[in-house]
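To keep things clear, I will list the structure first and then write my remarks on it.
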Protein chains: 2
Amino acid sequence: MNRTASIKDVANQAGVAVGTVSNVLNYPDRVSERTKERVLKAIDDLGFVRNDAARQLRAGHSRTIGLIVLDVGNPFFTSVVRAAEDAAALQGSAVLLGDSGHNESRESNYIDLFQEQRVQGLLISPVGDVTARLNVLRERGVPTVLVDRLADDAMFSSVSVDDDEGGYLAARHLLDIGRRRLAFVGGPLSIHQVADRLRGAQRAVKEESDATLEVLDSEGQSVLAGRGIGNRLVERPAKNLPDGIFCANDLLALGVMQSLTMMHTLRIPEDIALIGYDDIDFSVSAVVPLSSIRQPTEAIGRTAIELLTEELESQQVRHRAVVFTPELVVRQSTAGAEASL
Amino acid sequence: MNRTASIKDVANQAGVAVGTVSNVLNYPDRVSERTKERVLKAIDDLGFVRNDAARQLRAGHSRTIGLIVLDVGNPFFTSVVRAAEDAAALQGSAVLLGDSGHNESRESNYIDLFQEQRVQGLLISPVGDVTARLNVLRERGVPTVLVDRLADDAMFSSVSVDDDEGGYLAARHLLDIGRRRLAFVGGPLSIHQVADRLRGAQRAVKEESDATLEVLDSEGQSVLAGRGIGNRLVERPAKNLPDGIFCANDLLALGVMQSLTMMHTLRIPEDIALIGYDDIDFSVSAVVPLSSIRQPTEAIGRTAIELLTEELESQQVRHRAVVFTPELVVRQSTAGAEASL
DNA sequence: CACTGAAGTTGAATCGTTTCATTGTTACGA
DNA sequence: TCGTAACAATGAAACGATTCAACTTCAGTG
């Protein structure tokens, strides 16, 4: 178990100077064919592998981008992450992934960690109010792009989806198919995506004088949390039930659906129409295929990297806020029997 | 945008030597209270953040573990990754995640990358035959633990689940509820998990003289691939249809389910019973709640880290192969009307 | 034949941290 | 007062890569 070879060992083995080995690695054109061959042979013989820590130390920064998301288990973020990784790879950067799990202290830990790693830049879907910290970061030359959150573009670049509009679309759709006693499932409302979607829904409901919107606060956005809400609903007398439910994401909606359909006394969509948010892959194959609001996840991930690259390349501070528009996807959970996939 | 402060700057500011600052950071007991305060104040004033590259360079290795999985989009791996991250965090290591996407060259790139990062060790769910490379790694002091793949424990430590047994359980269950014309959906068979599950299924089918097993090769393990297979199935005359289908994972099963139920001509489980593999969260809320084979994902992730830690701490080469046993979960897709959640 | 410039090559300096042998300081018992 | 132990603090060396000014070769030119 001998120490791994360094560039110096390679230089000795090949009978050249360390600078030459470095040139072979980084600027092959500067080196003669003969020398290059000898060096490459030595590299191979010794099984030399560059030490990235040393490169980084010298360079003063890594070739790495930090990405902090709220929940990697959520297919929405999984998809965003993948897109960001691909986009980063194209320009030769790697992505360090952090999962805050909606937890401020974990979020803060990841910011610390990424700072120690000297990431080139940071993409973050923030939990708490981290603007102060992010400003400090930027002053030190580490730009940040906010993901899935609109930012004042005087402060930061951001990529987001219009959650208010998405909420409006969802509720408007329920109203359009004749539902009037709506319920919103999601929480805690401190999560801004949840709050925005609710606000949009309320806007739509206000357009119909005879419509009401009940808010059912959930603990988190998981399938399990949805099942909890659903179980409480089925215990109500039928007349107190909503006839249209809008869930802040598909996981919740699938959970609610599970509970509602379990006893076979309630029908979706006849008794209760149900719509989710995110349009994850599994929604199509739900008990009742789930209507949803689709967000352009690939575009979000890709754009986030693009905005970051812009900031990295131009030293003058010029921020942009890109806002995507979500899209209604109607499936059986909000349609009559005539509806198809 | 001034250069970030170094330990030297802190030392100047506090009027002490660099070694002392380092001691404050790493061995606070060695430093007097007075000095410690001064140094901490200087750190705060300058906003000093340790440069991890420099630490690593000096230490000769990182505090990082590499983890390469086949597909992060697959909830099975998402869950394993999360467990591994948590276990690693407990012992002060971070996890670098790589997604090979079943692609040998991407896998190879990640191994290179992780080597440059000087990871302490590697957890990998391998695509190709990488034993040769992994042996080289180990000789250089980077131990590897194979994940979701059984290894000869003379060679490597490994954590796996008995896929043959899982396949047997699934097929045996279909046979037990009276099905005889079985089909296996999954592919390509070069993926060893798929091949093992098939082998187990074949073993079960051989136990019944009047049972048959048809193999439907799929392109990948996604919902989409499953839908493709399903679409081909529904075009068959009813008498040529299988009466029990075992899919190599739940994503495939959900896709197949989607296609089969779309036309409302086939009933699950009456006409065709369906069982998947992995028991992902979404299976409960499928059109017809999906029977599946559950794997202990948290235990897998945790154990992988434990085995790696063992190898890191004992210099003598002592490998272990941990094999978990999967578990049958019966839901409606293979049960009569009497079945419940 | 001397001179020029291009192409190759060299090796010391540098990045920021940790380590550790050395030096300085203090307290206490003899 | 001296000796010594315990404790604090110091600062040069080392980690491994990259950079760059300086040097060597050598072909081409006048």
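Proteins come first, then strands; the chains are lettered A, B, ... in the order of their sequence lines, and each starts at number 1.
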Inter-end axis angle, the helix from C/dC1-D/dG30 to C/dA30-D/dT1, with every axis fitted to five base pairs (rounded, 10 degrees): 60°
Within the 4.0 Å heavy-atom criterion, would you say B/N26 contacts the bases, only the backbone, or no part of the nucleic acid? sugar-phosphate
Which sits closer to the 5' end of DNA chain D, A/D52 or B/K36, going by the nucleotide each is nearest to? B/K36
Tell me what A/S32 touches on the nucleic acid: a base, only sugar-phosphate, or nothing, going by heavy atoms under 4.0 Å. sugar-phosphate
Reading DNA chain D from 5' to 3', where do the contacts with chain A start and stop? Cut-off is 4.0 Å to heavy atoms. D/dG16 to D/dT19
Give me the distances for all protein-to-nucleotides 11-14 of chain C N/O pairs that come in under 3.5 Å?
residue	atom	partner	partner atom	Å
C/dT14	O2	A/R58	NH1	3.2

Pairing residues for B/Q295 by the side chain to side chain donor-acceptor pair (under 3.5 Å) criterion, not counting sequence neighbours: B/D278
B/D45 meets the salt bridge (charged side-chain N to carboxylate O under 4.0 Å, His left out) criterion, sequence neighbours left out, with B/K41
Whole-Å distance, A/N12 CG to C/dT10 C1', equals 14 Å
Hey, could you give me each pair passing salt bridge (Lys or Arg N to Asp or Glu O under 4.0 Å) that has a residue in residues 57-73 of chain B? Not counting sequence neighbours. A/R82-B/D71, B/D52-B/R63
A cation-pi test, strictly: NZ or CZ of A/R138 under 6.0 Å from the centre of the six-membered ring of A/F156 and no more than 45 degrees from its axis. Yes or no? yes
In whole Å, I'd like the distance from the CZ atom of A/R55 to the C1' atom of C/dG16. 18 Å
In whole Å, I'd like the distance from the CG atom of B/L57 to the P atom of C/dT18. 11 Å
Which pairs pass salt bridge (Lys or Arg N to Asp or Glu O under 4.0 Å) with one or both residues in residues 11-26 of chain B, sequence neighbours excluded? none
Closer than 3.5 angstrom, by distance alone: can the side chain of B/Q13 be matched with the main-chain N or O of B/A42 as a donor-acceptor pair? no
Report the distance from atom NE2 of B/H61 to atom P of C/dT17, rounded to the nearest whole Å. 17 Å
According to the salt bridge (Lys or Arg N to Asp or Glu O under 4.0 Å) rule, which pairs have a member within residues 121-136 of chain A, sequence neighbours left out? A/D112-A/R133
With sequence neighbours left out, what residues match B/N12 under side chain to side chain donor-acceptor pair (under 3.5 Å)? none
Residue list, side chain to side chain donor-acceptor pair (under 3.5 Å) with B/S158, at least two apart or on another chain: none
Under-4.0 Å side-chain N/O to phosphate OP1/OP2 contact, B/Y27 with C/dT18: no
Return the set of residues passing ring-ring contact (aromatic ring centres under 6.0 Å, His included) with B/F77 (not counting sequence neighbours), or none when no residue passes. none
Could you list the residues that satisfy side chain to side chain donor-acceptor pair (under 3.5 Å) with B/R320, not counting sequence neighbours? B/E310
